[in-house]
Colleague: 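I'd like to ask you about the structure that follows.
We count ligands from 1, going down the list as the structure has it; atoms in each ligand are counted the same way.
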Amino acid sequence: MATAMVIGTQWGDEGKGKIVDYLAQKADVVVRSQGGNNAGHTVVVDDQAFALRLLPSGILFSDKTCIIGSGVVVNPAVLLEEIAGMTSKGVQISKLEISTRAHVIMPYHIRIDEEDEKLKGDAKIGTTKNGIGPCYADKVNRVGIRVGDLMNKDVFAEKLRMNIELKNRLFEKYYGCEGFDYDTVLKEYLGYADQIRQYVKDTDYSANVYVAEGKKVLFEGAQATMLDLDHGTYPFVTSSNPTAGGACTGSGVGPRRMENIVGVVKAYTTRVGAGPFPAEQINEIGDMLRNTGHEFGTVTGRPRRCGWLDTAVVKYAAMLNSLDYLAITRLDILDNLDTIKICTGYKFKGELLKEYPASLEVLENVEPVYEEMPGWKTPISKCKSYDELPEAARHYVERISQLVGVPLGIVSVGPNRNQTIVLKKIF
Ligand code: GDP
Ligand code: IMO
Ligand code: MG
C-alpha cells in the first residue's frame with residue numbers, strides 16, 4: 001500500500017496544485033474527492049502555467065490515472081472547457097475517471113448562489129458564485145442529480161423536471177428573478193452527457209482496486225481546513241469537507257488506507273472572501289505580500305487578503321487532519337523582509353486561548369500574539385537543497401514545524417518542479 005494526501009492547512013491557495021504535481025511524478029493515480037470548480041490550482045511546468053479547477057493536478061502526466069471522486073460536484077460545461085483547454089496545450093486526457101456518484105452542478109445552482117449572496121448584503125460569504133453551496137445543499141436534501149443520472153436520459157429527464165419545477169417556483173416567488181426553461185436545460189445537459197460518458201464509472205471501486213493493487217495513489221485536497229464546513233470558520237466556509245476525513249468520504253477509500261498526510265502551509269496567510277482572519281495585515285505588509293506574491297484569485301480574480309503566518313491555524317489543522325508532514329510553500333515571497341512575524345496564538349479578554357475558538361464572536365475579537373524573527377534578505381528561489389537555504393530561512397521553517405508539532409516534508413521556493421526541496425521522500 002502506498003498512498004499520500006495533500007491537504008490545505010489555511011484558507012486555500014497554499015500551493016496544493018504545485019505539491020500534488022510534484023508528488024504525482026512518482027504516483028500512479030491522483031484523486032480529487034471534494035469541492036468543484038471553486039478550486040483553482042495552478043501548476044507550472046517549465047515556466048508554462050496550467051490552471052486547473054476540476055481536473056486533478058496529476059493530469060499533466062498522460063500516464064497517470066486521474067479520478068474525480070464521488071464527493072466532488074461537477075459542472076460538466078466547465079469540465080469540458082477545461083479538458084478542451086488542456087488538449088489545446090498538448091496535454092493528452094486519456095486516463096480520466098469521473099464518479100457516477102458525483103453530483104452535477106446545474107444552472108439553477110449558480111443562480112441561487114448569486115441571488116443568495118445579493119440577498120445577504122453585508123453578511124455575504126463572498127462565494128465563488130459557481131453554485132457549489134446550492135449543489136451540495138440539494139445533495140444533502142436528497143434532490144440532487146448525480147453524474148449517473150445524467151447518463152440515463154429518462155432518469156435525468158424526470159429528475160430535471162422535478163427540480164426545474166421546484167426551483168422555478170423559488171425564483172419566481174422568493175428571489176423575484178427569472179427561472180429556467182426545462183427543454184433548453186435538458187438539451188444542453190444531454191449534450192454534455194454524451195461528451196463525458198466515456199469517463200464515467202464507479203470510482204469507489206476503481207480507487208479501492210488501485211490501492212489494493214499497491215499502486216501509488218495520491219489524494220488531492222481542494223479548498224482548505226479553515227474552509228471546512230464542519231471545522232472551519234463557519235459560516236464563512238465552503239460547503240464540503242476539505243479535511244482528511246473528507247478525502248475518505250469523497251473517494252470511498254477508508255481511513256486505514258490513508259498514509260503520508262501532507263499539510264500544505266503557505267509561508268504567510270491569505271484568504272479570499274469574507275470572514276475572520278486574525279493575522280490579517282491591512283497595511284504595507286499586506287500590500288507587499290499581495291504585490292510580491294501576485295495574490296489575486298485564480299477563479300475570481302479578486303485580490304486576496306494577506307497576513308502573517310498563523311501557527312494557531314496550522315496547529316489546529318495538524319490536529320484535524322492528523323498531519324504527518326508539512327510542505328511549506330512560497331517561502332521565496334518573504335525574501336525581502338527585514339523581519340518576519342509569526343502569529344503563535346490568540347488572547348481573548350487578556351487570556352491566552354488554549355484551543356482554536358469555534359465561536360466567530362470570539363474569533364473576531366481576539367488579539368493575535370506574535371513572535372518576530374530576522375529575515376534572510378537573499379533570493380532563495382535557486383536553492384536546490386536544504387543546506388543551501390540561508391540560516392534565517394531554515395530557522396523560520398524549523399520554528400514553524402516546532403510550533404505546529406509536525407515534521408517538515410517539503411520546502412518550496414518557487415512554482416516550478418525543480419524549485420522543491422524534499423526533506424522527506426514520500427513516494
Ligand atoms: P492551490 O489552490 O492551493 O493549488 O494554490 P493556487 O494555485 O491557487 O496558488 C498558489 C500559487 O503559488 C500558484 O500560482 C503556484 O504556481 C504558486 N506557487 C506554489 N508554490 C510556490 C512557491 O514556492 N513559490 C512561488 N513563488 N510560487 C509558488
Ligand atoms: P483552492 O482549492 C480559496 C472560498 C471562497 C469563499 C468560500 C465559499 O484553490 O484552495 P464557495 O464558492 O466554495 O461556496 O465559496 O470559500 N473558497 C476558496 N478560497 N481557495 C479555494 O480553493 C477556495 N474555494 C472556495 O472565496 O470565501
Ligand atoms: Mg487556489
Side-chain angles (χ1 to χ4, degrees), residues 6-22 32 34-45 47-54 56-57 72-73 75 105 109-110 112-114 116-117 124-137 220-229 232-240 242 263-277 289 292-302 304-305 327-335 379-381 383 397 410-421:
V6 172
I7 293 283
T9 62
Q10 296 154 309
W11 279 280
D13 304 323
E14 295 90 350
K16 297 175 292 293
K18 159 168 178 168
I19 300 299
V20 169
D21 168 77
Y22 183 82
R32 270 280 305 268
Q34 43 68 231
N37 61 303
N38 47 349
H41 298 178
T42 301
V43 174
V44 179
V45 184
D47 291 325
Q48 190 186 2
F50 296 84
L52 301 161
R53 301 179 68 183
L54 269 166
S57 298
V72 176
V73 286
N75 179 327
I105 297 184
H109 292 137
I110 299 169
I112 292 173
D113 199 353
E114 289 164 351
D116 271 344
E117 284 284 272
K124 73 174 183 204
I125 292 164
T127 73
T128 60
K129 297 189 185 158
N130 285 309
I132 307 293
C135 183
Y136 277 116
E220 173 177 6
Q223 290 77 53
T225 303
M226 298 311 275
L227 292 171
D228 185 280
L229 181 59
T233 45
Y234 188 89
F236 299 101
V237 293
T238 191
S239 300
S240 66
V264 187
V265 183
K266 194 183 276 196
Y268 48 98
T269 314
T270 60
R271 175 165 204 171
V272 216
F277 178 178
L289 292 170
T292 313
H294 308 289
E295 291 290 359
F296 296 88
T298 331
V299 175
T300 56
R302 291 177 289 178
R304 292 176 183 150
R305 299 158 63 194
I328 299 186
T329 59
R330 309 201 113 226
L331 193 61
D332 52 302
I333 303 302
L334 307 182
D335 280 353
I380 58 167
S381 59
C383 291
V397 292
I410 291 174
V411 176
S412 170
V413 294
N416 282 287
R417 283 178 191 156
N418 63 2
Q419 292 173 303
T420 314
I421 297 171

Colleague: Indicate yes or no: at least one non-hydrogen side-chain atom of Trp11 is less than 4.5 angstrom from one of Thr233.
Modeller: yes
Colleague: For the backbone of Gly35 and the side chain of Tyr136, can you confirm whether one donor and one acceptor N or O come within less than 3.5 Å of each other?
Modeller: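 Between the backbone of Gly35 and the side chain of Tyr136 there is a qualifying donor-acceptor contact (under 3.5 Å).
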Colleague: I'd like to know if the side chain of Gln34 reaches the main chain of Ala222, judged simply by a donor and an acceptor atom lying under 3.5 Å from each other, with no hydrogens or angles considered.
Modeller: yes
Colleague: Mind checking whether Thr238 has an N or O less than 3.5 Å away from an N or O of ligand 2?
Modeller: yes
Colleague: To the nearest 0.1 Å, how far is atom 9 (O) of ligand 1 from its closest protein heavy atom, and which atom is that?
Modeller: Asp13 O, 3.8 Å
Colleague: I need the minimum non-hydrogen distance between Ala224 and Thr9, along with the two atoms involved.
Modeller: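 Nearest pair, atom of Ala224 first, then Thr9: CB-N, 4.3 Å.
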Colleague: Give the minimum heavy-atom separation between Phe236 and Pro276, together with the two atoms involved.
Modeller: CD1-CD, 4.0 Å
Colleague: Give me the nearest non-hydrogen protein atom to atom 15 (O) of ligand 2 as residue plus atom name, then the distance to 0.1 Å.
Modeller: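 Protein heavy atom with the smallest distance to atom 15 (O) of ligand 2: Thr127 CA, 3.3 Å.
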Colleague: Out of all atoms in ligand 2, which are within 4.0 Å of some heavy atom of Gly126? Include the element for each.
Modeller: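 The list of qualifying atoms is 5 (C), 6 (C), 26 (O), 27 (O).
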Colleague: Verify the neighbour count for atom CZ of Phe296: are there more than 12 heavy atoms of other residues, nucleotides or ligands below 6.0 Å?
Modeller: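 Atom CZ in Phe296 is packed in, count exceeds 12.
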Colleague: Val237: heavy atom below 4.0 Å from ligand 2, yes or no?
Modeller: yes
Colleague: Assess, by modelled atom type and distance only, whether the side chains of Asp13 and Thr270 contain a donor and an acceptor separated by less than 3.5 Å.
Modeller: no
Colleague: Are the side chain of Arg271 and the backbone N or O of Ala274 linked by a donor-acceptor pair below 3.5 Å?
Modeller: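 Yes, because the side chain of Arg271 sits within donor-acceptor range (under 3.5 Å) of the backbone of Ala274.
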Colleague: Which heavy atom of Thr42 sits nearest to which heavy atom of Ala49, and what is that distance?
Modeller: CG2-CB, 4.2 Å
Colleague: Under 3.5 Å between any N/O of Asp113 and any N/O of ligand 2: does that happen in this structure?
Modeller: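 No - when backbone and side-chain N and O of Asp113 are compared with those of ligand 2, no distance drops under 3.5 Å.
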Colleague: Is ligand 2 less than 4.0 angstrom away from at least one heavy atom of Ala224?
Modeller: no
Colleague: Enumerate the atoms of ligand 2 whose separation from the nearest heavy atom of Lys16 is less than 4.0 angstrom.
Modeller: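 Counting atoms of ligand 2 from 1, those under 4.0 Å from Lys16 are 1 (P), 2 (O), 10 (O).
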Colleague: Quick check on contacts: which atoms of ligand 1 are under 4.0 angstrom from a heavy atom of Val44?
Modeller: 16 (O)
Colleague: Gly40: heavy atom below 4.0 Å from ligand 1, yes or no?
Modeller: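 Right, Gly40 reaches ligand 1.
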Colleague: Report the C-alpha separation of Arg53 and Thr128 in whole Å, then their side-chain angles, then the decisive distance to 0.1 Å, and conclude whether the side chain to side chain donor-acceptor pair (under 3.5 Å) test is met.
Modeller: CA-CA 12 Å; Arg53 301 179 68 183; Thr128 60; over 6 Å; no
Colleague: Under a 3.5 Å threshold, yes or no: a donor from one side chain and an acceptor from the other, between Lys18 and Thr329?
Modeller: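 No, no side-chain donor-acceptor pair sits under 3.5 Å.
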Colleague: Does Asp13 come within less than 4.0 Å of ligand 2, judged by its heavy atoms?
Modeller: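 So Asp13 counts as touching ligand 2.
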Colleague: Show the nearest heavy-atom pair for residues Ile112 and Pro134, with the distance to one decimal.
Modeller: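 That would be CG2-CG, 3.8 Å.
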Colleague: Heavy-atom distances under 4.0 Å decide this one: backbone, side chain, both or neither, for Arg32 against ligand 2?
Modeller: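 No part of Arg32 is near ligand 2 at this cut-off.
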Colleague: Go through ligand 1 atom by atom and flag the ones less than 4.0 Å from a non-hydrogen atom of Thr42.
Modeller: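 Answer for ligand 1: 7 (O), 13 (C), 14 (O), 15 (C), 16 (O).
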Colleague: Atom 18 (C) of ligand 2: which of Asn38, Val272, Leu227 has the nearest heavy atom?
Modeller: Leu227
Colleague: Considering only heavy atoms of Ala222, which atoms of ligand 2 have at least one such atom less than 4.0 Å away?
Modeller: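 Those qualifying, in numeric order: 2 (O).
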Colleague: For the Mg ion (ligand 3), report each protein N, O or S atom nearer than 2.8 Å, sorted by chain and then by residue number.
Modeller: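 Near the Mg ion (ligand 3), below 2.8 Å, one finds Asp13 OD1, Gly40 O.
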Colleague: Output, in order, the C-alpha distance, side-chain angles, deciding distance and verdict of side-chain contact (heavy atoms from CB on, under 4.5 Å) for Ile110 and Lys129.
Modeller: CA-CA 6 Å; Ile110 299 169; Lys129 297 189 185 158; 5.7 Å; no
Colleague: Do Asn416 and Asp47 meet the criterion of a side-chain donor-acceptor pair at a distance under 3.5 Å?
Modeller: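 Checked: Asn416/Asp47 side chains pair up, N/O donor to acceptor below 3.5 Å.
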Colleague: Nearest protein heavy atom to atom 23 (O) of ligand 1, by residue and atom, and its distance?
Modeller: Ser412 OG, 2.5 Å
Colleague: I'd like to know if the side chain of Ser381 reaches the main chain of Val413, judged simply by a donor and an acceptor atom lying under 3.5 Å from each other, with no hydrogens or angles considered.
Modeller: no
Colleague: State, with a plain yes or no, whether a side-chain heavy atom of Leu331 is found less than 4.5 Å away from one of Ile380.
Modeller: yes
Colleague: Heavy-atom contact under 4.0 Å between Gly414 and ligand 1?
Modeller: yes
Colleague: Any heavy atom of Arg304 sitting closer than 4.0 Å to ligand 1?
Modeller: yes
Colleague: Using a strict 4.0 Å cut-off to heavy atoms of Ile333, name the atoms of ligand 1 that fall inside it.
Modeller: 26 (N)
Colleague: Give me the residue, atom name and distance of the protein heavy atom closest to atom 22 (O) of ligand 2.
Modeller: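 So the nearest neighbour among protein heavy atoms is Gln223 NE2, 3.5 Å.
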Colleague: Considering the heavy atoms of Lys18, write down every atom of ligand 1 situated less than 4.0 Å from one of them.
Modeller: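 Atoms satisfying the 4.0 Å criterion: 19 (C), 20 (N).
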Colleague: Can you tell me how far CZ of Arg32 sits from CD of Glu220, rounded to the nearest 0.5 angstrom?
Modeller: 6.0 Å
Colleague: Give yes if a backbone or side-chain nitrogen or oxygen of Lys129 is under 3.5 Å from a nitrogen or oxygen of ligand 2, and no if not.
Modeller: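 There is no such contact.
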Colleague: As an exercise, state the distance from CG of Asp113 to OG of Ser239, rounded to the nearest 0.5 Å.
Modeller: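 Rounded to the nearest 0.5 Å, the CG-OG separation comes to 8.0 Å.
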Colleague: Only heavy atoms of Gly273, strictly under 4.0 Å: list the atoms of ligand 2 that pass.
Modeller: 27 (O)
Colleague: Minimum heavy-atom separation for Leu229 to Pro242, with atom names?
Modeller: N-CD, 4.5 Å
Colleague: Report yes or no: do Ser57 and Lys16 form a side-chain donor-acceptor pair below 3.5 Å?
Modeller: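 Looking only at side-chain atoms, Lys16 and Ser57 do not form any donor-acceptor pair under 3.5 Å.
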Colleague: Give me the nearest non-hydrogen protein atom to atom 12 (O) of ligand 2 as residue plus atom name, then the distance to 0.1 Å.
Modeller: Thr128 OG1, 2.6 Å
Colleague: Between Arg330, Gln10, His294, Glu220, which one has a non-hydrogen atom sitting closest to atom 22 (C) of ligand 1?
Modeller: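 Looking at heavy atoms only, the winner is Arg330.
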Colleague: How close does the nearest protein non-hydrogen atom get to atom 24 (N) of ligand 1, and which residue and atom is it?
Modeller: Asp332 OD1, 2.8 Å
Colleague: Asn37 versus Ile132: any side-chain heavy-atom pair under 4.5 Å?
Modeller: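 In contact.
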Colleague: Please give me the minimum heavy-atom distance between Ser240 and Gln223, naming the atom from each residue.
Modeller: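 Residues Ser240 and Gln223, closest heavy atoms: OG-OE1, 4.1 Å.
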Colleague: With a 4.0 Å cut-off on heavy atoms, is Arg302 in contact with ligand 2?
Modeller: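 Judged by the 4.0 Å heavy-atom criterion, Arg302 does count as contacting ligand 2.
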Colleague: Which atoms from ligand 1 have a heavy atom of Val413 less than 4.0 Å away?
Modeller: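 Per the distance check, 23 (O), 24 (N).
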Colleague: Suppose I only count heavy atoms of His41 and a 4.0 Å limit; which atoms of ligand 1 are within that range?
Modeller: 1 (P), 2 (O), 4 (O), 7 (O)
Colleague: Please list, in number order, the atoms of ligand 2 under 4.0 Å from a heavy atom of Gly12.
Modeller: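 Reading through ligand 2 atom by atom, the close ones are 3 (C), 10 (O), 20 (N).
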Colleague: Which of the atoms in ligand 1, numbered in the order shown and given with their element, are less than 4.0 Å from a heavy-atom of Gly17?
Modeller: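 Those atoms are 4 (O).
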Colleague: So is Gly40 polar-close to ligand 2, meaning N/O to N/O under 3.5 Å?
Modeller: yes
Colleague: What are the atoms of ligand 2, with element, lying closer than 4.0 Å to any heavy atom of Trp11?
Modeller: 3 (C), 19 (N)
